[in-house]
Amino acid sequence: MEKVLTCRLCGITSKTASFYKGVTSRCKECHKRRARENRALKADYYRAYDAQRYQDDPRVRERHLRYAKTEAGKEAKNRARLKWQSMHSAERAAHVILGNAVRDGIVIKPTSCPKCGAVGRLEGHHHDYAKPLDVEWLCRKCHVAEHR
């Protein structure tokens, strides 16, 4: 005979609600609610945890890459890009001015990163967005490190 479980939080029994295997004190709904509340209370911790998990777990990274290729993923990326542009108009203007200057030959990109010597694609790091042509050319890794 199966044991009847009772949720300590809402009092519902396993006859009318479902419980996670191995969790006998809370029904699924109360368990999920507590998890959401915990994440909200410790938002900074979980933001860092999720970022680190994304870096360390290839399955998580692969799932994000698969999602980015879907229509919903492309729409989400476009919404995020437009939101960033609207919130960072000075930075966006500096990026456009610099891109046009590089295209027109006014600013010449070096061939390697001055910090680590990496050869390849370089990104312009602005120390002051009011001076859009005054940039330090860095590889992606050094540019990300500069912002941290």
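Owing to the predicted nature of the structure, the values given are computational and were not obtained by experimental measurement. Just the heavy atoms: all of them, side chains too, but no hydrogens, waters or symmetry mates, feed the values below.
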Going by side chain to side chain contact (heavy atoms under 4.5 Å, CB included), name the residues that satisfy it together with Y20, two or more places apart in sequence or in a different chain. V23, K28, H31, K32
Could you work out, with side chain to side chain contact (heavy atoms under 4.5 Å, CB included) as the rule, every residue matching D134, not counting sequence neighbours? K131
Give the minimum heavy-atom separation between [X] and [Y], together with the two atoms involved.
{"X": "I108", "Y": "W137", "result": "O-NE1, 4.1 Å"}
{"X": "G11", "Y": "T6", "result": "O-CG2, 3.7 Å"}
{"X": "G124", "Y": "L98", "result": "CA-CD2, 4.3 Å"}

If you count the non-hydrogen atoms of other residues, nucleotides and ligands that lie under 6.0 Å from [atom1] in [X], is the total more than 12?
{"X": "Y46", "atom1": "OH", "result": "yes"}
{"X": "R121", "atom1": "CZ", "result": "no"}
{"X": "R59", "atom1": "CZ", "result": "no"}
{"X": "R8", "atom1": "CZ", "result": "no"}

Proximity of Y129 and H126 rings by center, below 6.0 Å: yes
How far does [atom1] of [X] sit from [atom2] of [Y], to the nearest 0.5 angstrom?
{"X": "T111", "Y": "L122", "atom1": "OG1", "atom2": "CG", "answer": "7.5 Å"}
{"X": "R26", "Y": "C10", "atom1": "CZ", "atom2": "SG", "answer": "11.5 Å"}
{"X": "K115", "Y": "E146", "atom1": "NZ", "atom2": "CD", "answer": "4.0 Å"}
{"X": "Y45", "Y": "R39", "atom1": "OH", "atom2": "CZ", "answer": "9.5 Å"}
{"X": "L65", "Y": "T70", "atom1": "CG", "atom2": "OG1", "answer": "11.5 Å"}
{"X": "K109", "Y": "E123", "atom1": "NZ", "atom2": "CD", "answer": "8.5 Å"}

Strictly by modelled atom types, are H125 and E136 linked by a side-chain donor-acceptor pair under 3.5 Å? no
Checking C139 against C116 for the side chain to side chain contact (heavy atoms under 4.5 Å, CB included) test, could you report, in this order, the C-alpha distance in whole Å, the side-chain angles of both residues, the deciding distance, and whether it holds? CA-CA 8 Å; C139 67; C116 71; 3.6 Å; yes
I'd like to check K74 versus N78 (side-chain heavy atoms, cut-off strictly below 4.5 Å). Are they in contact? no
Do R53 and D56 come within less than 4.5 Å of each other through their side chains, counting heavy atoms only? no
Decide side chain to side chain contact (heavy atoms under 4.5 Å, CB included) for Q55 and V60; before the verdict, give the C-alpha distance in whole Å, the side-chain angles of both, and the deciding distance to 0.1 Å. CA-CA 8 Å; Q55 294 295 323; V60 174; over 6 Å; no
Residues passing the salt bridge (charged side-chain N to carboxylate O under 4.0 Å, His left out) test with R47, sequence neighbours excluded, are D44
Return yes if some donor-acceptor pair links the side-chain N/O of D128 with the main-chain N/O of A130 below 3.5 Å, else return no. yes
Check ion pair R63-D57 (N to O, under 4.0 angstrom): no
Between E29 and R33, is there a side-chain N and carboxylate O pair less than 4.0 Å apart? no
ILVMFWY network linking L5 to I12, side-chain heavy atoms under 4.5 angstrom: no
Are V135 and L133 grouped together when hydrophobic residues (ILVMFWY) are joined by side-chain heavy atoms under 4.5 angstrom apart? yes
For side chain to side chain contact (heavy atoms under 4.5 Å, CB included), just list the numbers for K83 and R79, CA-CA rounded to whole Å, side-chain angles, deciding distance to a tenth of an Å, and then say yes or no. CA-CA 6 Å; K83 181 181 176 184; R79 280 193 312 273; over 6 Å; no
Would you please test S25 and F19 for side chain to side chain contact (heavy atoms under 4.5 Å, CB included) and show each step? CA-CA 9 Å; S25 60; F19 285 67; over 6 Å; no
